[in-house]
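Here's the structure we're looking at; comments come further down.
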Amino acid sequence: MDPFNQILLELEQLQPVTGIIPTDVLELPDPIGSIIRLLIRRGSMTLSELAEAMGLEQPQAQQVGELLTRKGFLGKEYRSGKEPVYRAYIARMRRRNIPLEL
(Lines give C-alpha, C1' and ligand atoms only; values in the text may rest on other atoms or scores of the structure.)
Protein backbone atom coordinates (compact mmCIF):
# COMPACT_ATOMS: atom_id res chain seq x y z
CA MET A 1 0.00 0.00 0.00
CA ASP A 2 1.35 3.43 -0.88
CA PRO A 3 2.08 5.95 1.92
CA PHE A 4 -0.87 8.21 1.04
CA ASN A 5 -3.46 5.42 1.25
CA GLN A 6 -1.86 4.14 4.47
CA ILE A 7 -2.23 7.60 6.05
CA LEU A 8 -5.86 7.84 4.92
CA LEU A 9 -6.61 4.42 6.37
CA GLU A 10 -5.12 5.38 9.73
CA LEU A 11 -6.93 8.73 9.71
CA GLU A 12 -10.28 6.98 9.25
CA GLN A 13 -9.65 5.04 12.46
CA LEU A 14 -8.88 8.12 14.58
CA GLN A 15 -11.66 9.45 16.76
CA PRO A 16 -12.36 13.21 16.59
CA VAL A 17 -10.86 15.28 19.40
CA THR A 18 -11.04 18.89 20.53
CA GLY A 19 -7.32 19.46 20.50
CA ILE A 20 -4.51 17.22 21.57
CA ILE A 21 -2.26 17.02 24.57
CA PRO A 22 1.38 15.99 24.19
CA THR A 23 0.84 12.54 25.68
CA ASP A 24 -1.87 11.85 23.08
CA VAL A 25 0.63 12.51 20.30
CA LEU A 26 2.82 9.66 21.55
CA GLU A 27 -0.06 7.22 21.02
CA LEU A 28 -0.73 8.25 17.41
CA PRO A 29 0.45 5.89 14.67
CA ASP A 30 3.28 6.96 12.41
CA PRO A 31 3.48 8.89 10.14
CA ILE A 32 0.60 10.92 11.65
CA GLY A 33 2.24 11.13 15.07
CA SER A 34 5.59 12.16 13.63
CA ILE A 35 3.99 14.91 11.52
CA ILE A 36 2.12 16.33 14.51
CA ARG A 37 5.28 16.19 16.65
CA LEU A 38 7.11 18.09 13.90
CA LEU A 39 4.32 20.68 13.81
CA ILE A 40 4.54 21.11 17.59
CA ARG A 41 8.30 21.69 17.36
CA ARG A 42 8.09 24.10 14.41
CA GLY A 43 4.94 25.89 15.50
CA SER A 44 3.39 25.83 12.03
CA MET A 45 4.01 24.62 8.49
CA THR A 46 2.80 25.75 5.11
CA LEU A 47 1.13 23.27 2.79
CA SER A 48 4.31 22.86 0.75
CA GLU A 49 6.38 22.22 3.90
CA LEU A 50 3.80 19.70 5.09
CA ALA A 51 3.86 17.93 1.72
CA GLU A 52 7.65 17.76 1.77
CA ALA A 53 7.72 16.43 5.35
CA MET A 54 5.20 13.70 4.48
CA GLY A 55 6.76 12.89 1.13
CA LEU A 56 3.46 13.53 -0.67
CA GLU A 57 2.25 15.73 -3.51
CA GLN A 58 0.59 18.99 -2.41
CA PRO A 59 -3.00 17.90 -3.22
CA GLN A 60 -2.49 14.72 -1.18
CA ALA A 61 -0.90 16.65 1.72
CA GLN A 62 -3.78 19.12 1.62
CA GLN A 63 -6.28 16.27 1.86
CA VAL A 64 -4.43 14.86 4.88
CA GLY A 65 -4.22 18.33 6.46
CA GLU A 66 -7.96 18.87 5.95
CA LEU A 67 -8.80 15.50 7.50
CA LEU A 68 -6.58 16.21 10.52
CA THR A 69 -8.21 19.62 10.85
CA ARG A 70 -11.73 18.12 10.75
CA LYS A 71 -10.70 15.50 13.31
CA GLY A 72 -9.50 18.27 15.66
CA PHE A 73 -5.76 17.56 15.58
CA LEU A 74 -4.71 20.57 13.50
CA GLY A 75 -5.73 24.17 13.05
CA LYS A 76 -5.55 25.92 9.69
CA GLU A 77 -5.19 29.56 8.79
CA TYR A 78 -4.27 31.68 5.82
CA ARG A 79 -1.53 34.24 6.24
CA SER A 80 -0.22 36.67 3.64
CA GLY A 81 -0.21 34.09 0.84
CA LYS A 82 -2.94 31.87 -0.47
CA GLU A 83 -1.23 28.73 0.81
CA PRO A 84 -2.79 27.33 4.01
CA VAL A 85 -0.67 27.18 7.16
CA TYR A 86 -1.26 24.26 9.53
CA ARG A 87 -0.45 24.11 13.25
CA ALA A 88 -1.04 21.52 15.93
CA TYR A 89 -4.23 22.26 17.85
CA ILE A 90 -3.18 21.88 21.48
CA ALA A 91 -6.02 21.33 23.97
CA ARG A 92 -6.24 23.39 27.09
CA MET A 93 -5.19 21.53 30.16
CA ARG A 94 -8.02 20.95 32.57
CA ARG A 95 -7.54 22.06 36.14
CA ARG A 96 -7.30 19.24 38.56
CA ASN A 97 -8.29 19.37 42.17
CA ILE A 98 -5.22 18.15 44.00
CA PRO A 99 -5.63 17.52 47.71
CA LEU A 100 -3.63 19.90 49.88
CA GLU A 101 -2.55 17.01 52.13
CA LEU A 102 0.07 15.84 49.64
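Values below: all heavy atoms of this structure, side chains included; hydrogens, waters and symmetry mates excluded. This one's a predicted model, so the numbers in the text were calculated from it and none came from an experiment.
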Nearest non-hydrogen partners of Arg87 and Gly43, listed with the distance: CB-O, 3.3 Å
Spacing of CG belonging to Leu11 relative to CD belonging to Glu66, to within rounding of 0.5 Å: 12.0 Å
Pairs satisfying side chain to side chain donor-acceptor pair (under 3.5 Å), at least one member in residues 50-63, at least two apart: none
Side-chain donor or acceptor of Glu83 paired with backbone N/O of Ser48 under 3.5 Å: yes
Over all atoms of both residues, closest heavy-atom pair of Ala91 and Gly19: CB-C, 3.6 Å
same_hphob_cluster(Val85, Val64) at 4.5 Å side-chain heavy-atom cutoff: no
Interatomic distance, Tyr86 atom OH to Ile36 atom CD1 [nearest 0.5 angstrom]: 13.0 Å
Validation row: Ser44, Glu77 side chains within 4.5 angstrom (heavy atoms): no
Leu56 side chain reached by Ile7 side chain, heavy atoms, under 4.5 Å: yes
Transitive ILVMFWY side-chain link Leu9 to Phe4, under 4.5 Å: no
Test item: Lys76 side-chain N/O and Thr69 main-chain N/O as donor-acceptor pair under 3.5 Å: no
Any pair counted as side chain to side chain donor-acceptor pair (under 3.5 Å), so long as it reaches residues 21-36, sequence neighbours left out: Asp30-Arg37
Tyr89 vs Ile20, side-chain contact (heavy atoms from CB on, under 4.5 Å): CA-CA, chis, key distance, verdict: CA-CA 6 Å; Tyr89 183 59; Ile20 56 174; 5.8 Å; no
Shared hydrophobic cluster, Leu68 / Ile21 (ILVMFWY, side-chain heavy atoms < 4.5 Å): no
Gap separating the CG atom of Leu38 from the CG atom of Leu50, nearest 0.5 angstrom: 8.5 Å
Check against side-chain contact (heavy atoms from CB on, under 4.5 Å), Ile32 and Phe73: CA-CA 10 Å; Ile32 298 166; Phe73 290 91; over 6 Å; no
Value rounded to 0.5 Å, distance of CD1 in Ile35 from CE in Met45: 6.0 Å
Test log, rule side-chain contact (heavy atoms from CB on, under 4.5 Å), inputs Leu14 and Leu28: CA-CA 9 Å; Leu14 292 178; Leu28 291 173; 3.8 Å; yes
